[in-house]
S.K.: 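Quick one: this structure, given as structure tokens, is what I'll be asking you about.
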Amino acid sequence: MFQRRRTEIRANNATIRRHQMKPYSNRFGSSRGSNKDSKRFYHSSKFILVILGLFLSFLHYHHDGGDVNDRKILPVPVPAEKAKQNDMLQTDYNHDKADIAANEEPKHEPVKETIYDDTDKGEYVVKSELSDTDTATKDEEHLTVANHEDTSLSRYGDWRTMIKSVREEFYHRYGGEIEAMNMLNRGVITAADTEAHAVKHTSERIVRAFLKGKENGKGNFVMSFGGYSVTVGRGNYYHQSYPFIMQNILKPIFEKSLNMDLIVRNSAIGGIPSFPYGWCLPNFLGDDSDVISWDYGMNEGNGAEAFEAYLRQGVSNLSKRPMMIMLDNKKPRINLLKAYYKNGVLTDSIAVGRSEVVSKDLLGKDEKDRPIGLQNWDKWGAPPGSPGQSSWHPKYMEHELIGWMIAMHFLDAIEGALTMLESVENDDSIDLGINDEDHEQLVLLPEPVTGVPKGIPEAAVTHILYGTKLEKTSENVDQARLWHMDRVSCRSNFLPNINGHMSEIIMSGTAQDIGDDLMDKTDEQYNSGWVIDVGKVERETKRKVQKVGNGEGLGYIDMKLALYGIPESGSLVLSLPHDGPVHDHDHEHDSDMKAPHWFDALVFCEVNEKRGAKECKTEEDLTFIVGGVKSPAVTKITSAASYLKKAICVNVEIPKDAVVKISNHPDSENADSLEMHDKVELSVEVSVTGKHVNRNDGACSISHVVWQ
């Protein structure tokens, strides 16, 4: 393991240095003679070692034909026997560390912590600020990392010093090296058999992003975080959420050593389940994501079925087969990650814990006696009374803890990536051994581990969650147990939305958009068409957030916008493009224009809000005309896409006689035939036919449209 191994080496060297700092008689013991004899022996030995060192350097210089100071020193693997010895030295080192600390003058914990490197040529600064007052502002509480003068030892800079400084800051913040590392081991669980394997795979991701960036001048490493209110940072400022804490720690290392930009997206949306979000990962997280996540800590029980569907969507719908970070420590979901390591789908997934990983003894100490990272543990980042300051939301210092734990795991991967790149710099013949296929999008996956729901109304659409089992033929005997994942398309009004907005598929039927999402909409607007609006609770909460900090708000960017309609709103007309792969056959028959030939599934979802028994029921109060034909069945999906026990998505059956329409490309010469470059679309008309539906009891809503 990159990080563990280097910890052992550093501990070894530090222990030796500390022994050399002790009084001479303590090093050799009183039984070895007088101090005078011992000193004579010491200086004679030192002289001999210096002469021997010069002689070996002379031989090394002439053997390699160059100056030893010009050579790059690469890390040397530690043999198992030596590693065991280092473990013993690690214990000795920490005892010495405690002895030294006991003899030092007591120090007051500073608000700002500064760590200097060992070279005296530059400074690597890690600053953590937390206001001592009850009311903290976004200017008073933040975590920043800054680099100064370049102390390059190679084209990648003095990255070892930077990494060392960040690690030392982590140890300082959380009670010393042993306590901090024990907490990290409890807080970050790798799915791989060994942490070294997981870290190596993540290192390869970074190297691939670096090499691709060299072609364009500068590379990007993209980490996109999904989830709900915990990840959003409710109760704190948005910029204090753990994804941005992690970004502030790692970004300077990416920039300084790799000339890469670390892009972190916090795309979490408060109060939503993992589906329909999981069908819309390119929309919310971005197709360029190297790492994705979901927060399963509160609302989705202990099962792993929905998480497996989310994971399968990530590896099949995103081009880089991104690494998965799960903020959760439930055993069934951790076991699922391990299963997907064993079957080769994802080899570097991790599960991350929260405050439960912190030593209760440390948190039980008086405030002044706690490590700096555990002080002010019960304070929110936002002013007291801000929305979201509930017991189930982590406070600011817990967000810092989560951010630091994730950062420390990725620090190992960055170290591995830089070691790989330096080895190539020294010897162009070295093969990094990166298998590109291990990092590419998958459409064939192993059979689902948690099992596919059977005997329920929506069992016919499980393929949009888990894929479709391949039929065994003479040509695919080796793939008979595999499942095929078709592309899933999504359009949504929920924010943040990187691409794939609902407006792209709306043809007609909406009221004029007045632009102010939180303004109360009028009956006149609802009578003129479907309205882009938010629910009552969402509006009230967002307005409260806006008032915080003299009207500056808390910085949140999530918003549950949707299309709302009542019977008087009329018909909403949508046109869904066929985004799947181009068919590899001709379309010369009328049956080729039937919608089921092109589209397998159609799902509509509503906003996840509870408004009482009289609210619109999507499966009963909406009518869907698909491809010119009324859908024969609209069925709730209960195996996924539910929030607080309310199913929020329905499967709209595609009629067998429904037809697609063709939008001819300008270059098409024959408008009557279907060419490969023509655009195939499916028309869907939605109207509220439940006469009792009204705004007061709860209008019908459409938050996501999903199809395959």
Side-chain angles (χ1 to χ4, degrees), residues 187-192 198 201-202 205-206 221-234 238 240-250 262-270 272-300 304 306-330 333-334 336-338 340-341 345-354 357 393-394 398-410 413 494 496 498 557-558:
V188 177
I189 301 173
T190 59
H201 200 76
T202 307
R205 293 185 187 276
I206 297 172
F221 191 76
V222 182
M223 302 179 68
S224 302
F225 291 80
Y228 33 82
S229 55
V230 168
T231 299
V232 171
R234 292 287 194 261
Y238 177 62
Q240 294 173 331
S241 59
Y242 69 84
F244 297 130
I245 300 294
M246 179 215 64
Q247 180 186 36
N248 293 336
I249 297 167
L250 297 180
L262 173 61
I263 298 174
V264 173
R265 298 173 184 144
N266 185 344
S267 297
I269 303 173
I272 63 167
S274 56
F275 280 87
Y277 193 106
W279 284 314
C280 310
L281 298 182
N283 305 61
F284 299 125
L285 303 182
D287 184 61
D288 58 346
S289 298
D290 296 283
V291 180
I292 63 173
S293 82
W294 189 260
D295 168 13
Y296 276 94
M298 292 198 309
N299 296 329
E300 300 192 60
F307 181 41
E308 180 166 24
Y310 187 95
L311 188 153
R312 291 170 80 89
Q313 294 298 321
V315 300
S316 63
N317 254 353
L318 298 176
S319 59
K320 295 182 180 179
R321 202 198 312 182
M323 171 186 175
M324 173 63 71
I325 297 177
M326 178 182 69
L327 186 65
D328 186 31
N329 59 4
K330 299 292 192 305
R333 291 192 276 264
I334 291 176
L336 180 73
L337 287 179
K338 291 180 180 295
Y340 273 77
Y341 162 74
V345 174
L346 284 173
T347 59
D348 55 350
S349 302
I350 60 173
V352 180
R354 287 176 48 184
V357 308
H393 289 151
E398 187 175 348
H399 274 279
E400 275 209 357
L401 169 67
I402 298 169
W404 269 100
M405 290 193 297
I406 298 175
M408 291 300 292
H409 181 79
F410 276 88
F494 274 21
I498 296 174
I557 63 173
D558 64 308

S.K.: Write down the atom of Ser274, the atom of Ala306, and the distance for their closest heavy-atom approach.
M.R.: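 Shortest heavy-atom contact: OG-CB, 3.9 Å.
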
S.K.: Going by heavy atoms in the side chains, are Ile406 and Ile325 under 4.5 Å from each other?
M.R.: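 SC-SC contact between Ile406 and Ile325 confirmed.
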
S.K.: With heavy-atom distances below 4.5 Å as the criterion, would you say the side chains of Ser289 and Met223 are in contact?
M.R.: no

S.K.: Mind checking whether Phe225 and Trp294 have ring centres under 6.0 Å apart?
M.R.: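 Centroid separation for Phe225 and Trp294: 6.0 Å or greater.
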
S.K.: Please check this pair: side chain of Thr231 against backbone of Gly227, looking for a donor-acceptor N/O pair closer than 3.5 Å.
M.R.: no

S.K.: Hey, are the side chains of Leu281 and Asn283 touching, using non-hydrogen atoms and a 4.5 Å cut-off?
M.R.: no

S.K.: Under the side chain to side chain contact (heavy atoms under 4.5 Å, CB included) rule, collect the residues that match up with Asp558, sequence neighbours excluded.
M.R.: Val232, Arg234, Ile269, Pro496, Lys542, Tyr556

S.K.: Phe284 vs Phe494, test: ring-ring contact (aromatic ring centres under 6.0 Å, His included). Steps then yes/no.
M.R.: CA-CA 9 Å; Phe284 299 125; Phe494 274 21; 7.1 Å; no

S.K.: Are the side chains of Ser224 and Val291 in touch, meaning some heavy atoms are under 4.5 Å apart?
M.R.: no

S.K.: Atom NZ of Lys320 and atom CG of Leu318: how far apart are they, to the nearest 0.5 Å?
M.R.: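 Answer rounded to 0.5 Å: 10.5 Å.
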
S.K.: Mind listing the closest non-hydrogen atom pair of Ser316 and Arg312 along with its distance?
M.R.: OG-O, 2.7 Å

S.K.: Is the backbone of Tyr310 close enough, under 3.5 Å, to the side chain of Tyr277 for a donor and an acceptor to pair up by distance?
M.R.: no

S.K.: To the nearest 0.5 Å, what is the distance between OG1 (Thr202) and CZ (Phe410)?
M.R.: 5.5 Å

S.K.: If the condition is side chain to side chain contact (heavy atoms under 4.5 Å, CB included), which residues does Ile498 pass it with, not counting sequence neighbours?
M.R.: Arg265

S.K.: Could you go through the side-chain hydrogen bond (donor to acceptor under 3.5 Å, both in side chains) check for Thr347 and His201 one step at a time?
M.R.: CA-CA 7 Å; Thr347 59; His201 200 76; 2.9 Å; yes

S.K.: When you measure from the side chain of Ser229 to the backbone of Gly270, do you find a donor-acceptor pair of N or O atoms at a distance under 3.5 Å?
M.R.: no

S.K.: So, Asp290 side chain and Val222 main chain: donor-acceptor pair closer than 3.5 Å or not?
M.R.: yes

S.K.: Within the structure provided, determine whether Lys330 and Tyr296 are in side-chain contact (heavy-atom separation under 4.5 Å).
M.R.: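 Heavy-atom side-chain distance check fails, nothing below 4.5 Å.
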
S.K.: Mind checking side chain to side chain contact (heavy atoms under 4.5 Å, CB included) for Ser349 and listing every partner two or more places apart, or none if nothing turns up?
M.R.: Ala191, Met324, Leu337, Leu346

S.K.: Hey, does the side chain of Asn248 reach the backbone of Phe244 with a donor-acceptor pair shorter than 3.5 angstrom?
M.R.: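 Answer holds: yes.
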
S.K.: Could you tell me whether Arg205 and Asp348 have a side-chain N and a carboxylate O separated by less than 4.0 Å?
M.R.: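 Yes, Arg205 and Asp348 are salt-bridged.
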
S.K.: Taking side chain as C-beta onward, heavy atoms only, is Met408 less than 4.5 Å from Val188?
M.R.: no

S.K.: For the residue pair Phe307 and Leu336, establish whether any side-chain heavy-atom pair is separated by less than 4.5 Å.
M.R.: yes

S.K.: Under the 3.5 angstrom rule, does the side chain of Tyr228 hit a backbone N or O of Asp295 as a donor-acceptor pair?
M.R.: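 Yes: the side chain of Tyr228 pairs with the backbone of Asp295.
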
S.K.: Between the side chain of Tyr341 and the main-chain N/O of Ala198, is any donor-acceptor distance below 3.5 Å?
M.R.: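 No; judged by distance alone, with no hydrogens or angles, the pair does not exist.
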
S.K.: Could you walk me through whether His393 and Val230 pass side chain to side chain contact (heavy atoms under 4.5 Å, CB included), step by step?
M.R.: CA-CA 6 Å; His393 289 151; Val230 168; 4.3 Å; yes

S.K.: Verify, without hydrogens or angle tests, whether Ser267 (side chain) and Leu285 (backbone) share a donor-acceptor contact under 3.5 angstrom.
M.R.: no

S.K.: Which is it for Phe275 and Gln313 under the side chain to side chain contact (heavy atoms under 4.5 Å, CB included) test, yes or no, and what are the steps along the way?
M.R.: CA-CA 11 Å; Phe275 280 87; Gln313 294 298 321; 4.0 Å; yes

S.K.: Distance from Ile189 atom CD1 to Met326 atom CE, nearest 0.5 Å?
M.R.: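 Ile189 CD1 to Met326 CE: 8.0 Å, rounded to 0.5 Å.
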
S.K.: Could you walk me through whether Ile292 and Met323 pass side chain to side chain contact (heavy atoms under 4.5 Å, CB included), step by step?
M.R.: CA-CA 6 Å; Ile292 63 173; Met323 171 186 175; over 6 Å; no

S.K.: For the atom pair CD1 (Ile334) and CG (Asp328), what is the distance rounded to the nearest 0.5 Å?
M.R.: 7.0 Å

S.K.: Quick check: do Val357 and Met405 have side-chain heavy atoms less than 4.5 Å from each other?
M.R.: yes

S.K.: Test side chain to side chain contact (heavy atoms under 4.5 Å, CB included) on Thr190 and His409; report intermediate values, then the result.
M.R.: CA-CA 10 Å; Thr190 59; His409 181 79; 3.7 Å; yes

S.K.: Establish, from distance only, whether the side-chain atoms of Glu308 and Tyr340 form a donor-acceptor pair under 3.5 Å.
M.R.: yes

S.K.: Could you check whether any side-chain N or O of His399 sits under 3.5 Å from a backbone N or O of Tyr242, counting only pairs where one atom can act as donor and the other as acceptor?
M.R.: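 Side chain of His399 to backbone of Tyr242: a pair is present.
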
